[in-house]
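Inspection log for the structure reproduced underneath, given as structure tokens.
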2 protein chains.
Amino acid sequence: MPVTIKDIARKAGVSHATVSRALNGSPLISQETTLAIRKLAEEMGYLPSAAARGLKTSRSHVLGVIVSRIGNPYFGEIVQGIEDALKGTAYSIFVASSHLDAAVEENIVRAFGEHRVDGVIVATASFSRSQVHLLRRYGIPIVAINSSSPQDYRFCIAHDDVYGARQVARHLIALGHRRIAYIGNMRAAQINHDRIVGFKQEMESAGIALDANLMINLQWSEIENGVEGMTTLMRRKDRPTAVFCFNDLIAIGALQVAQRMGIRVPQEISITGFDNITYSAYTLPALTTFDQPKRLIGAEAAGMLLDLINRRGSGGDDERAAPAARLLRGKLLVRESTARCMS
Amino acid sequence: MPVTIKDIARKAGVSHATVSRALNGSPLISQETTLAIRKLAEEMGYLPSAAARGLKTSRSHVLGVIVSRIGNPYFGEIVQGIEDALKGTAYSIFVASSHLDAAVEENIVRAFGEHRVDGVIVATASFSRSQVHLLRRYGIPIVAINSSSPQDYRFCIAHDDVYGARQVARHLIALGHRRIAYIGNMRAAQINHDRIVGFKQEMESAGIALDANLMINLQWSEIENGVEGMTTLMRRKDRPTAVFCFNDLIAIGALQVAQRMGIRVPQEISITGFDNITYSAYTLPALTTFDQPKRLIGAEAAGMLLDLINRRGSGGDDERAAPAARLLRGKLLVRESTARCMS
DNA sequence: AATGTGAATGCACACGTGTGCATCAAGGAG
DNA sequence: CTCCTTGATGCACACGTGTGCATTCACATT
């Protein structure tokens with residue numbers, strides 16, 4: 001059995017209330033007893049019980065984080081950013097992978113609810129609306145990251161995908177490409193949509209007609225999906241001269257397919273990624289991509305959530321609080337997988 | 001304020017004790033009241049408070065997991081395996097990254113302690129001994145994964161690195177290589193040591209003398225370290241014909257350096273990785289590596305930890321319980337980055 | 001009718017912590 | 001000397017849940 005404040009109280013010859021106050025730095029307690037008690041607590045190896053404290057204060061000091069798949073480096077960096085922002089605060093995080101599976105999502109939300117997490121960061125490509133409502137019903141504030149359905153959330157941190165996609169598309173067009181394919185992930189509804197919008201905007205303003213045959217949308221965005229998408233694309237008679245991939249993982253898959261088929265990148269075909277995960281700098285050729293400020297996004301989301309939690313604590317009303325959304329921009333990263341169109 | 005069993009009790013016209021029993025399926029309560037109460041709880045959106053329950057039962061139903069860096073795909077898969085094993089149980093996990101930083105480790109252990117996690121899985125390349133003792137002092141059972149200092153732990157799941165390294169080395173030797181370099185990570189003490197041992201064993205039994213100049217040990221094992229190690233290696237006049245890398249990340253870095261220098265892989269130099277992370281299948285050439293059963297390792301660790309927790313619950317004495325260690329073996333994966341030695 | 005039996009439920013306390021209120025001692029003002 | 005203020009501490013309850021024990025009721029047994 002762990003040491004409790006009662007044990008300390010007994011040993012110090014005071015009441016447990018005094019110990020509680022001393023440890024929390026209450027001004028009601030004289031400095032000398034405070035010091036004596038703290039020293040004793042240290043010696044006895046006392047650790048406050050988060051459960052008991054949470055029960056009393058109805059603050060768990062835990063945030064829930066939902067990602068599509070931990071192990072995906074993109075989410076890894078987001079979580080990293082969240083940890084950065086939480087450093088120095090009393091908060092810990094529950095990280096859970098939804099695998100875009102409704103049943104799993106349900107379990108996660110239940111677990112978050114039972115543990116009375118103080119807030120949730122939803123950073124998954126898609127998340128069922130009913131679970132959002134459930135969380136709201138529990139009174140748990142939510143901040144969404146790059147939400148696929150922003151209308152479901154009142155607080156949001158997002159990357160400006162339209163802007164990013166435009167930069168990438170403009171880059172390809174400036175290189176003389178006109179037959180540009182797009183390999184996307186339809187499960188990431190809003191994000192995919194925004195990137196397509198940015199892509200189309202640039203194509204239109206350059207006066208290039210879109211070829212529906214070159215627009216591919218897959219069910220996921222892992223490397224293997226890039227392989228799949230690129231393969232069907234390369235089977236077409238009239239191949240594109242450039243491929244705009246939804247993210248770096250797809251691009252890595254696409255890159256491999258091209259090289260296996262003996263198509264030189266970037267001489268014969270240009271390939272772009274998106275997100276700038278670490279590995280994209282180490283492919284050969286190194287991937288041209290759009291550098292999304294992932295850590296910053298995670299940190300901002302955590303910051304916003306903490307604000308929300310504290311505001312609520314001070315009597316503010318969630319329902320009436322103004323919705324907030326931050327849109328962050330990244331930067332085009334031209335590396336080696338893109339070159340002037342030669343055909 | 002969330003719904004409590006008292007709210008349910010009031011509405012159902014029974015005592016809160018009856019509600020508690022009904023929800024927990026106690027045989028003391030008649031079937032009809034049980035059903036009625038459960039229905040009511042469902043309607044009212046009741047969620048048990050993990051804090052209150054934990055306070056009473058002194059079981060948090062939370063496991064702590066410490067990894068070096070979440071975002072490293074190797075640990076991502078380990079965590080995946082842990083999640084697999086926990087599916088269907090009432091357990092959730094706290095995942096924390098130590099970044100191999102002692103101060104961070106201390107915070108993590110404190111957080112785990114305050115939350116009274118039922119057990120901890122240590123899956124980081126190195127973890128300070130004092131923190132292990134602290135956890136033990138708190139009475140929290142620990143299972144280590146691939147521990148760098150197995151003597152510190154009584155329960156361990158490990159990959160047979162000596163065996164694995166031997167397979168890799170044997171493969172390279174069979175291809176005719178004699179000047180084989182090793183790029184390692186000295187921070188991963190035991191693991192690195194075992195892989196070196198396996199490597200040496202095969203070299204010796206093949207009658208090949210080791211060249212100390214070809215043994216490089218770095219401070220970390222990320223891609224950039226592979227770049228660093230390979231660069232210094234290639235500056236030597238008398239280059240190796242094969243490079244045995246500590247893990248896939250280092251190998252990916254090494255691969256890139258070779259190719260940037262115009263050294264063809266595997267024609268001029270063979271490179272091997274270790275672990276078989278997803279990306280290793282998509283480099284060009286695809287990496288020859290040793291497939292470590294990462295998910296299985298994670299799952300086995302979780303299973304062992306649950307056993308430990310339950311045994312303790314049933315009055316067994318931790319101190320006298322026999323230490324247990326499982327050694328799992330993987331399989332050599334020959335892909336394209338290795339070939340017959342041509343010099 | 002008195003007693004025993006078993007099933008179903010309520011009472012009351014405990015877990016570890018925080019906090020409003022009462023209590024107590026010391027000392028200054030009247 | 002009494003009253004009041006100030007500072008320091010204890011008492012007792014609360015948070016939401018689980019559980020040993022007592023209680024109640026119905027029914028069967030003597």
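Convention: sequence-line order gives letters A, B, ...; per-chain numbering from 1. Because the structure is a prediction, the values reported are computed rather than measured.
- Nucleic acid contact for A/P48: sugar-phosphate only, since backbone atoms but no base atoms lie under 4.0 Å from a heavy atom of the residue.
- Contact footprint of chain A on DNA chain C: nucleotides with an atom under 4.0 Å from a non-hydrogen protein atom, first to last in 5' to 3' order, C/dG16 to C/dC21.
- Put simply, CD1 on A/I191 and OG on A/S147 are 8.0 Å apart, with the number rounded to the nearest 0.5 Å.
- Note: B/L328 CG to B/R326 CZ = 5.0 Å, rounded to the nearest 0.5 Å.
- From A/F94, atom CZ reaches atom CD1 of B/I93 across 9.0 Å, with rounding to the nearest 0.5 Å.
- Between the CG atom of A/L100 and the OG atom of A/S126 there is a distance of 5.0 Å, given to the nearest 0.5 Å.
- Rounding to the nearest 0.5 Å places CD of A/E105 at 5.0 Å from OG of A/S128.
- DNA chain D lies under 4.0 Å from at least one heavy atom of each of the following residues of residues 10-26 of chain B: B/H16, B/A17, B/S20, B/R21, B/N24.
- The side chain to side chain donor-acceptor pair (under 3.5 Å) search around B/S68 returns B/T124, not counting sequence neighbours.
- Put simply, the side chain of A/R59 reaches to within 4.5 Å of the side chain of A/I309, judged on heavy atoms.
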Q) Going through the distances and angles, do B/L28 and B/T18 end up as a side chain to side chain contact (heavy atoms under 4.5 Å, CB included)? A) CA-CA 9 Å; B/L28 289 178; B/T18 302; over 6 Å; no
